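Following: one structure in structure tokens, then a few remarks.
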Number of protein chains: 2
Amino acid sequence: MKLTTKGHYGFHAMIELARRQGQGPVMIREIGARYGISEKYLEQIMRLLRQAGLVESSRGTRGGFWLAKPAAEIKAREILVSLEGEREPRSLHPIPRKGSRSRCAVLEVWQETEEASRRLWDQKTLADLAARQEVLDHVSGEMDYNI
Amino acid sequence: MKLTTKGHYGFHAMIELARRQGQGPVMIREIGARYGISEKYLEQIMRLLRQAGLVESSRGTRGGFWLAKPAAEIKAREILVSLEGEREPRSLHPIPRKGSRSRCAVLEVWQETEEASRRLWDQKTLADLAARQEVLDHVSGEMDYNI
DNA sequence: AAGCAATACTATTAGATTAGTAGTAAATAT
DNA sequence: ATATTTACTACTAATCTAATAGTATTGCTT
């Protein structure tokens, strides 16, 4: 699983929606302004999340986005996959070997690492992330660092 | 840890050197031809491996490359890092949060996954990979698939 | 019905990264 | 000397990422 800016933005948008669950639609403009994310870019990101069924939306005045289900029922990996896609090992150049039917020891290890990563993202829910971020925001002290 | 074509090529070159350890220098041309890798590109890859101290080389007739130490003493992760570099979480756009001293819950999870991945690559040695590839090459049967 | 305010969608673009190519320099065996 | 191989630098094409731009559509308000 990779994590680019797009996924990172999407997570923070989702955390914001989790925070404000039950309080009506949240506009892209609000999220963009609050976290310094391009609103046009965020628009695309929110569309992907909607197409993945993770959020719902409404247009027009008082329009905006909200979570399609409780934050505890949304796995972090669902968010990641909807924005970054599944990483394909096959995108790598194939190494031709004699017989051309052989598997690749390197890709086996790579797949193990992907599997480990997938498991971790599967274990976390959006509710976990939102709760953790709440803690980090309020208890940030000397030991913290910027990212 | 990411794995691109460059790393994949480098691994197979190293596996070939491991196979032929003690048999004198191996030329880029041989490896390139055998595995269908651009020789010029492989040249750059081998240089990175040499600069990382994983292989040694000699020029001219009968020149080529050989492992700088036994395959069992070379970790897969050393190969990966020398070719792909360490992945920097900081390359992601920072999300400004109130106080601007706060950490990011999303990046914490991401770092967990990277750590898990690093551990796996650390556990494998080049000797492991070479041995495993040997098995895959010779015992490739019905269940195998191409990558 | 009119008009404003928000999302929906499509297309385009700039920058970064990856993969590969080209050409010259330096070293080594014969 | 000369052929052969790696060493190094520079450039290029293709792909991916992060945006930007503009139009269409929907829904609320008056």
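Quick note on labels: first sequence line is chain A, next is B, and so on, each numbered from 1. These numbers come from a predicted model, not from an experiment.
- In this structure, the CD1 atom of I45(A) is 9 Å from the P atom of dA18(D), given to the nearest Å.
- The pair R20(A)-E30(A) meets the salt-bridge criterion, since a charged nitrogen lies less than 4.0 angstrom from a carboxylate oxygen.
- Distances shown here put every side-chain N or O of R59(A) at or beyond 4.0 Å from the OP1 or OP2 atom of dA8(C).
- For the pair E39(B) CD and dT21(C) P, the computed distance is 10 Å after rounding to whole Å.
- Distance, E43(B) CD to dC8(D) C1': 8 Å, rounded to whole Å.
- Using a 4.0 Å cut-off between charged nitrogen and carboxylate oxygen, K69(A) and E78(A) count as a salt-bridge pair.
- The CG-P distance, from L17(A) to dT7(C), rounds to 11 Å in whole Å.
- Taking 3.5 Å as the limit, the base of dG20(C) and the side chain of K6(B) contain no donor-acceptor pair of atoms between them.
- In this structure, R50(A) atom CZ and dT26(D) atom P are separated by 12 Å, rounded to whole Å.
- Contact of Q44(A) with dT20(D) (side chain to base): a donor-acceptor pair of N or O atoms is detected under 3.5 Å.
- When each of dT20(D), dA7(D), dT5(D) is scored by its nearest atom to the side-chain atoms of M27(B), the top-ranked nucleotide is dT5(D).
- When rounded to the nearest whole Å, the span between NZ of K40(B) and P of dC11(D) equals 16 Å.
- For dG20(C), one of the phosphate oxygens OP1 or OP2 lies less than 4.0 angstrom from a side-chain nitrogen or oxygen of Y9(B).
- In the set dT17(D), dA29(C), dG27(D), the nucleotide with an atom closest to the side chain of K2(A) is dT17(D).
- The phosphate of dA19(C) has OP1 or OP2 within less than 4.0 Å of a side-chain N or O from T4(B).
- Set against dC9(C), dT6(D), dC8(D), the side chain of S57(B) has dT6(D) as its closest nucleotide.
- A distance-only check finds no donor-acceptor pair linking the side chain of E56(B) to the backbone of R50(B) [under 3.5 Å].
- Nearest-nucleotide positions on DNA chain C place F65(A) closer to the 5' end than the other of G7(B) and F65(A).
- Residue R47(A) contributes atom CZ, which lies 16 Å from atom P of dA19(D) at whole-angstrom precision.
- The nearest heavy atom of DNA chain D to G60(B) and to S38(A) marks one nucleotide each, and the one closer to the 5' end goes with G60(B).
- The S58(B) side chain lies nearest to dT28(C) when the options are dT28(C), dA7(D), dA19(D).
- Using a 30° and 60° split on the angle between ring planes, Y9(B) and Y41(B) fall in the perpendicular class, above 60°.
- The distance from atom CE of M46(A) to atom C1' of dC9(C) is 16 Å, rounded to the nearest whole Å.
- Across all strands shown, Q51(A) has heavy atoms under 4.0 Å from sugar-phosphate atoms exclusively, and none from any base.
- Within the 4.0 Å cut-off from OP1 or OP2 of dT17(D), not a single side-chain nitrogen or oxygen of Y41(A) is found.
- Contact annotation for R62(A): backbone-only contact, meaning every heavy-atom pair under 4.0 Å involves sugar-phosphate atoms and none involves a base.
- When only modelled atom types and interatomic distance are considered, T4(B) and E84(B) share a side-chain donor-acceptor pair under 3.5 Å.
- Checking dA29(C), dG27(D), dA7(D) against the side-chain heavy atoms of T61(B) singles out dA29(C) as nearest.
- Distance from the side chain of I28(B) is smallest for dT6(D) among the nucleotides dA6(C), dT6(D), dT21(C).
- Of the candidates V135(A), L129(A), D137(A), D137(A) is the only one forming a side-chain contact (heavy atoms from CB on, under 4.5 Å) with Q133(A).
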